[in-house]
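All ligand and atom numbering here is 1-based and tracks the order in the structure.
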Amino acid sequence: MAISVTFLGAAQNVTGSSYAVEVDDAVVLVDCGLYQERALKDRNWAAFPIPPGRIQAVVLTHAHLDHCGLLPKLVRDGFRGKIYCTPATAEIVQIVLLDSAKIQEEDALNKAKRHAREGRRGPHPDLPLYTIRDAEAVLPLLTPAAYDTPVQVAGGIKASFFEAGHIFGSSMIRLDLGAAPAELSAPAELSAPAELSAPAKAVRTILFTGDLGRPNLPILQDPTACLAADYVVMESTYGDRVHEAAENIPDELARILNATQQAGGKVVIPAFAIERTQELIYHLSALLRAKKIQRLPVFLDSPMAIRVTEVFNRHKELFDDETKTLMGQGTEPYEFPGMIFTSKVEDSKAINKVRGSAVIIAGAGMCNGGRIKHHLVNTIGKPENTILFVGYQAVGTLGREILDGAKKVRILGQWHTVRARIEQLQGVSAHADREELLAWLQACAPPPRRVFVTHGEAQAALAFAAFVQEKTGWNASAPAYNQREVLT
Ligand SMILES: [Zn+2]
C-alpha cells in the first residue's frame with residue numbers, strides 16, 4: 001500500500017493551505033485555500049498540481065479563505081467529489097465564497113479599466129480568478145459531517161473532525177489511512193468514541209490541526225486535546241512568538257470606550273466578519289452587564305458579519321459552557337439594549353446622522369474595502385473619535401497606514417487628515433502561540449513518528465520545528481512547497 005502526503009500550500013508560508021493525501025489511487029485534499037500573500041498570489045492562477053478530476057474528496061478544516069478560497073476554481077476545473085466539513089463551516093463557507101467571488105469579479109473589472117487606461121496588460125488576463133457562478137457550483141458539494149464521528153471519504157480513507165477552537169465550526173481532521181471501507185461500516189453508536197479508540201484497522205493515521213485556537217477564547221470551546229496519530233501536520237502562524245495576555249482585553253476595551261464617550265466621540269472598529277466581530281459584541285455585552293461602560297448605540301454595519309452571526313445563533317450547541325450558562329440565564333450573547341444590526345445601505349448611511357457617542361463595527365477588517373471606508377471618512381478627521389484596531393493589519397493596507405501613524409490618508413479618492421485617536425487592542429488572536437502550540441503537541445500520546453510544521457512564515461515554521469525537536473526530541477520539520485512525503 002502506497003501512502004503519502006504532499007504539501008501543496010501553506011508550506012513555509014501562511015496562506016493557500018492545501019495538502020494532498022494519497023492511498024494507492026485514492027486522493028483526498030485537505031483544505032483548498034487561496035493565497036493571500038502578495039508574493040505568492042500567482043499560485044492562485046496556476047493549474048492544480050493534481051488534476052481536480054482525480055481527487056475523490058475534499059475535507060475542510062474551517063471557513064477562512066486561505067483554507068477554502070480556491071474551491072470554486074477546483075470545481076470549475078473538474079472536481080466532482082464531495083466536500084466534507086462541519087455543519088457550521090458549511091454554512092459560513094457559502095457566505096465566504098460568494099463574497100470572495102463578488103470581490104474577484106469587481107477586481108477583474110477594475111483591473112481591466114486600469115489596464116485599458118494605462119494601455120498595458122497585467123500578468124494575468126483581466127478575468128476574475130472565479131465568478132459568482134463558479135462559487136455557486138461549490139455549494140451542492142458541501143457535505144456536513146458531525147464532530148467526533150468518522151466518515152468514509154474515499155477508498156481507504158476515513159475522516160474525523162474535532163473542535164479546533166479557532167473560529168466557529170473550525171476543526172482538526174484526522175485521516176485514517178488504509179482502512180478497508182467494509183470494516184468501517186459499523187453503525188456509529190456501536191463504536192467507541194473516536195478519541196478513545198485506536199482507529200480500526202487503519203494502517204496509518206495523520207492528524208491535521210488546521211488553524212489551532214487557544215484555550216479560553218470567548219464563545220468557542222477549547223481546542224480538542226491532541227489525539228493519537230502517527231503523523232501530525234500542525235500550523236505555526238505564531239510558532240516563534242508569545243502572545244500578550246488576553247485577560248486585559250475587556251478592561252482595555254472599557255477604557256477606550258469610556259474615554260471616547262467622555263469626549264462625546266464615536267469608536268469605529270474595522271472588524272473581521274468571522275469570529276472577531278462576534279467576540280467584540282460578546283465583550284461589549286458583558287461590559288454593559290457589569291456596568292463597566294454606559295449604554296450607547298452599537299452598530300454592526302456589515303451584511304457579511306450579520307449573516308455569520310446568524311450562523312452562530314443557529315448552532316448554539318457549539319458555544320462554550322460559559323456562553324451556554326449565560327443563555328440559560330436568559331442572556332443572548334449577541335443582543336443587548338443598544339445593539340443595532342444594519343444590513344441595508346440606507347440604514348448604514350443613517351448612522352452618519354447619529355449624534356453623540358456610538359460604536360460602529362464595520363468591515364473590512366484591514367479597511368481595504370467595505371463600509372468601514374465611509375465611516376472612516378466621517379470620523380477620522382475629528383479628535384473626539386477613536387479608530388480601534390482589533391486584528392492584524394497587513395502591510396500595504398489602509399488599516400496598516402493608519403495604525404503606523406500616517407498623518408494623512410487617502411480614502412475613497414480623497415485625502416483626509418488623521419485627527420482621531422488611534423488605538424489597538426493587544427492580545428487578540430485566534431491562533432495558539434508558540435507555548436500553546438507546544439503544550440498541545442506535547443499532549444500527543446504516544447509521540448507521533450513525525451511532525452510536519454506548516455502554515456507559518458518560513459522563519460516561524462522553521463523556528464517552531466527546531467523548537468519542537470529541542471523540547472521533545474521528536475522528529476519535526478517544515479516541508480517545502482510541493483514536497484511529498486511517503487508515510488511508511
Ligand atoms: Zn483560520
Side-chain angles (χ1 to χ4, degrees), residues 7-19 29-37 40 44 58-71 83-86 88-97 99-100 147 161-173 207-215 217-224 232-239 241 243 246 271-280 304-305 308 311-312 315 318 363-366 390-394 428-434 436-437 440 453-457 460-461 464:
F7 299 87
L8 302 176
Q12 297 192 16
N13 75 290
V14 177
T15 66
S17 271
S18 193
Y19 316 105
L29 214 56
V30 179
D31 288 343
C32 186
L34 189 75
Y35 282 94
Q36 293 170 308
E37 288 125 312
L40 298 175
N44 290 330
V58 176
V59 292
L60 281 188
T61 59
H62 65 291
H64 273 151
L65 263 189
D66 62 321
H67 293 258
C68 70
L70 272 188
L71 283 171
I83 301 161
Y84 295 91
C85 58
T86 67
T89 296
E91 291 182 34
I92 301 174
V93 162
Q94 303 193 16
I95 299 167
V96 165
L97 289 184
D99 181 71
S100 170
Y147 280 108
F161 298 77
F162 305 94
E163 176 65 63
H166 165 63
I167 63 165
F168 209 65
S170 66
S171 59
M172 319 177 186
I173 300 177
L207 176 62
F208 294 85
T209 63
D211 288 359
L212 197 59
R214 324 173 60 191
L217 286 178
I219 312 154
L220 290 177
Q221 291 176 35
D222 290 349
T224 310
V232 173
V233 178
M234 79 180 297
E235 71 125 319
S236 61
T237 317
Y238 293 100
R241 268 167 290 173
H243 292 318
F272 300 87
I274 312 172
E275 207 61 44
R276 191 59 42 81
T277 291
Q278 292 79 15
E279 246 177 59
L280 259 173
M304 186 169 165
V308 173
V311 178
F312 277 54
H315 290 279
L318 300 183
M366 299 188 201
V390 293
Y392 178 72
Q393 303 295 313
V428 184
S429 178
H431 290 270
D433 67 11
R434 186 183 71 173
E436 290 162 339
L437 287 170
W440 179 88
V453 178
T454 61
H455 198 292
E457 301 292 351
F464 186 68

Among Leu34, Val96, Leu60, Leu65, which residue satisfies the side-chain contact (heavy atoms from CB on, under 4.5 Å) criterion with Leu71?
Leu60
Would you call the rings of Phe312 and Phe168 parallel, tilted or perpendicular if under 30° counts as parallel and over 60° as perpendicular?
parallel
Nearest 0.5 angstrom please: His62 NE2 to Ile92 CD1, how far?
10.0 Å
Check: His243 ring centroid to His431 ring centroid under 6.0 Å
no
Strictly under 2.8 Å, how many protein N, O or S atoms lie near the Zn ion (ligand 1)? Waters don't count.
4
Tell me yes or no: between the side chains of Glu91 and His315, is some donor less than 3.5 Å from an acceptor?
yes
Using ring centroids (six-membered ring only for Trp), state whether Tyr147 and Phe162 fall under 6.0 Å.
no
